[in-house]
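Atoms considered below: every heavy atom in the structure, side chains included; atoms not considered: hydrogens, waters and symmetry mates. We name chains A, B, ... by the order of the sequence lines, and we start the count at 1 in each one. On a predicted model such as this, the values are computed, not experimentally measured, just so you know.
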Amino acid sequence: MTIHNFYDSDTTDQIAKKMLGTLLTYDSPNGLVGGRIVETEAYMGERDSAAHAFNGKRTASNEPLYGPPGTIYIYSIHGRYLLDVATQAKDVPQGVLIRAIQPTIGQEIMYHNRPKHGVELTNGPGKLMGALGIEDKLMNFQIIGDDKLKIDIDNRLEPRQIKTSGRIGVSKGDWTDKPLRYYVSHNPYVSGLTKAEVNIAHFGWK
DNA sequence: ACACGGATATTCT
DNA sequence: GAATATCCGTGTA
């Protein structure tokens with residue numbers, strides 16, 4: 001199965017949900033790193049008041065959102081770099097923000113890239129990029145899976161339960177509270193998860 | 001020049 | 001947990 005089949009004939013919110021449990025990997029200069037995606041958010045394009053392409057806004061920096069499905073869209077905010085993947089046909093600026101991963105590959109390298117303890121390694125969109133060692137926008141416009149940065153959708157882990165909520169950190173607007181954030185219930189690497197919600201025995205996987 | 005954001009770290013109750 | 005402090009690229013002027 002190629003990455004392209006994954007996007008075919010699905011709405012962006014469905015794609016965001018289906019990305020949970022897939023494996024994000026990066027063939028970094030220091031070695032292979034990566035982990036299971038445990039938290040995503042869908043951004044629904046021109047009509048979505050929280051989206052970068054709201055009202056058709058199109059600039060040099062959000063141009064990758066307008067690319068074909070699988071186009072990598074890295075952007076900076078508050079001095080961090082965040083990872084988005086465009087999900088729809090060319091010129092349809094919808095995408096999924098990858099907000100957290102459970103590290104499974106090259107953890108020593110990631111702890112070196114980002115010297116924090118436990119879940120602090122990757123429990124946020126800027127944190128996971130720091131851990132992977134991606135601190136620039138050089139991969140913008142690449143198609144995910146074509147080069148160093150990949151999402152492996154085979155052997156996807158099945159979440160026991162997927163929860164939804166409003167999206168984090170978006171400014172007030174009509175779409176602020178729409179349930180377009182998806183996460184693997186009980187997984188400790190989900191951002192902002194309370195201790196009581198974590199299950200250390202199964203991490204939320206079937 | 002300048003204000004601000006799809007965030008994170010620190011410093012308190 | 002809740003209130004700051006700080007991050008720096010980007011858009012607008």
Student: Using a cut-off of 4.0 Å on non-hydrogen atoms, how would the nucleic acid contact of Glu135(A) be classed: base, sugar-phosphate, or nothing?
Tutor: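 Nothing: the residue Glu135(A), judged by heavy atoms under 4.0 Å, touches no strand.
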Student: Between dG11(C), dG9(C), dG5(B), which nucleotide gets closest to the side-chain atoms of Ile77(A)?
Tutor: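 That would be dG5(B).
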Student: Can you check the Phe54(A) CZ to dG5(B) P distance for me, whole Å?
Tutor: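 Rounded to the whole Å, the gap is 14 Å.
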Student: Between Ser76(A) and dC8(C), is there a contact of a side-chain N or O with OP1 or OP2 at under 4.0 Å?
Tutor: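 So the side-chain polar atoms of Ser76(A) never come under 4.0 Å of the phosphate oxygens OP1 or OP2 of dC8(C).
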Student: Would you tell me if any nitrogen or oxygen in the side chain of Ser61(A) comes within less than 4.0 Å of OP1 or OP2 on dG9(C)?
Tutor: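 Ser61(A) to dG9(C) OP1/OP2: no side-chain N or O under 4.0 Å.
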Student: Measure from the side chain of Val170(A), starting at C-beta and using heavy atoms only, and say which of dT8(B), dG9(C), dG6(B) lies closest.
Tutor: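 Closest nucleotide to the Val170(A) side chain: dG6(B).
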Student: Return the 5'-most residue of the pair Glu120(A), Ser171(A) with respect to DNA chain B, ranking by each residue's nearest nucleotide.
Tutor: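 Residue closer to the 5' terminus by nearest nucleotide: Ser171(A).
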Student: Just how far is it from atom CD of Glu41(A) to atom NZ of Lys178(A), taken to the nearest 0.5 Å?
Tutor: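 Rounded to the nearest 0.5 Å, the CD-NZ separation comes out at 15.0 Å.
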Student: Are any of Arg99(A)'s side-chain N or O atoms less than 4.0 Å away from OP1 or OP2 of dA7(B)?
Tutor: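 Yes, within the criterion.
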Student: Consider the side chain of Arg80(A), meaning its heavy atoms from C-beta on, and name the nucleotide among dG1(C), dT8(B), dA7(B) that approaches it most closely.
Tutor: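 For the Arg80(A) side chain, the nearest candidate turns out to be dT8(B).
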Student: Please answer whether the main-chain N or O of Glu39(A) pairs with a side-chain N or O of Arg181(A) as donor and acceptor at a distance below 3.5 Å.
Tutor: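 No, Arg181(A) side chain to Glu39(A) backbone: no donor-acceptor pair under 3.5 Å.
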Student: Report which part of the nucleic acid Lys116(A) touches: base, sugar-phosphate, or nothing (heavy-atom distance under 4.0 Å, all strands).
Tutor: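 Touches sugar-phosphate only.
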Student: Would you mind reading off the distance between Lys127(A) atom NZ and dC7(C) atom P, rounded to a whole angstrom?
Tutor: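 Atom-to-atom, Lys127(A) to dC7(C), this comes out as 17 Å.
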Student: Both distances under 3.5 Å, Watson-Crick or G-U wobble: report the partner of dG6(B), or none.
Tutor: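 Base-paired to nothing in any strand shown.
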Student: By centroid distance (under 5.5 Å) and plane angle (under 30°), are Tyr75(A) and dG6(B) in a stacked arrangement?
Tutor: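 Base of dG6(B): not stacked against Tyr75(A).
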Student: Taking the side chain as C-beta and beyond, is there a heavy-atom pair between Tyr43(A) and Leu65(A) under 4.5 Å?
Tutor: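 Not in contact.
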Student: Would a 4.5 Å heavy-atom cut-off, applied to side chains only, mark Arg47(A) and Gln94(A) as touching?
Tutor: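 Side chain of Arg47(A) against side chain of Gln94(A), heavy atoms only: contact under 4.5 Å found.
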Student: Looking at every strand, decide which applies to Arg114(A) at a 4.0 Å heavy-atom threshold: base, sugar-phosphate, or nothing.
Tutor: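 Result for Arg114(A) = sugar-phosphate.
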Student: Hey, does Tyr81(A) reach any base, or is it just sugar-phosphate, or nothing, if we go heavy atoms under 4.0 Å?
Tutor: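 Answer is sugar-phosphate: Tyr81(A) comes under 4.0 Å of backbone atoms only.
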Student: Looking only at side-chain atoms of His78(A), point me to the closest of dG6(B), dA7(B), dG9(C).
Tutor: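 Closest nucleotide among those given: dA7(B).
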Student: Ring-plane angle category for Tyr75(A) and His52(A), please: parallel below 30°, perpendicular beyond 60°, tilted otherwise.
Tutor: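 Tyr75(A) and His52(A): perpendicular rings.
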Student: Mind calculating the distance between CD1 (Ile74(A)) and C1' (dG5(B)) to the nearest angstrom?
Tutor: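 From Ile74(A) CD1 to dG5(B) C1': 18 Å.
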Student: Tell me the interatomic distance from Leu128(A), atom CG, to dG6(B), atom P, rounded to whole angstroms.
Tutor: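 From Leu128(A) CG to dG6(B) P: 17 Å.
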Student: Which part of the nucleic acid, if any, lies within contact of Leu97(A), taking any heavy atom under 4.0 Å across all strands shown: a base, the sugar-phosphate backbone alone, or nothing?
Tutor: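 If one applies the 4.0 Å heavy-atom cut-off, Leu97(A) turns out to touch a base.
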Student: Going by heavy atoms in the side chains, are Glu120(A) and Arg114(A) under 4.5 Å from each other?
Tutor: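 They are in contact (side-chain heavy atoms under 4.5 Å apart), so the answer is yes.
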Student: Rounded to whole angstroms, how far apart are CG on Asp13(A) and P on dG6(B)?
Tutor: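 Taking atom P of dG6(B) as the reference, CG of Asp13(A) is at 20 Å.
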Student: Measure the distance from CZ on Arg58(A) to P on dT10(C) and round it to the nearest whole Å.
Tutor: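 After rounding, the reported distance stands at 17 Å.
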Student: Which nucleotide, dG6(B), dG9(C), dC7(C), lies nearest any side-chain atom of Tyr43(A)?
Tutor: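 Given the options dG6(B), dG9(C), dC7(C), the side chain of Tyr43(A) is closest to dG6(B).
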Student: Say you draw a straight line from CZ of Arg58(A) to CD of Glu63(A); how long is it, rounded to the nearest 0.5 Å?
Tutor: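 It is 4.0 Å, given to the nearest 0.5 Å.
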Student: What is the separation between atom CD1 on Ile98(A) and atom P on dA7(B), rounded to the nearest whole Å?
Tutor: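 Taking atom P of dA7(B) as the reference, CD1 of Ile98(A) is at 15 Å.
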Student: So, is Lys137(A) close to the dG9(C) phosphate, meaning a side-chain N or O under 4.0 Å from OP1 or OP2?
Tutor: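 The answer is no; no side-chain N or O of Lys137(A) sits under 4.0 Å from OP1 or OP2.
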Student: Considering only side-chain heavy atoms of Lys57(A), which listed nucleotide, dG5(B), dG11(C), dG1(C), is closest?
Tutor: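 The closest nucleotide is dG11(C).
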Student: Between atom CG in Leu121(A) and atom P in dT8(B), what is the gap in whole Å?
Tutor: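 Rounding to the nearest Å, CG of Leu121(A) and P of dT8(B) are 12 Å apart.
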Student: Under 3.5 Å for both donor-acceptor distances, Watson-Crick or wobble: does dC7(C) have a partner, and if so which one?
Tutor: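 Because no pair has both required distances under 3.5 Å, dC7(C) counts as unpaired.
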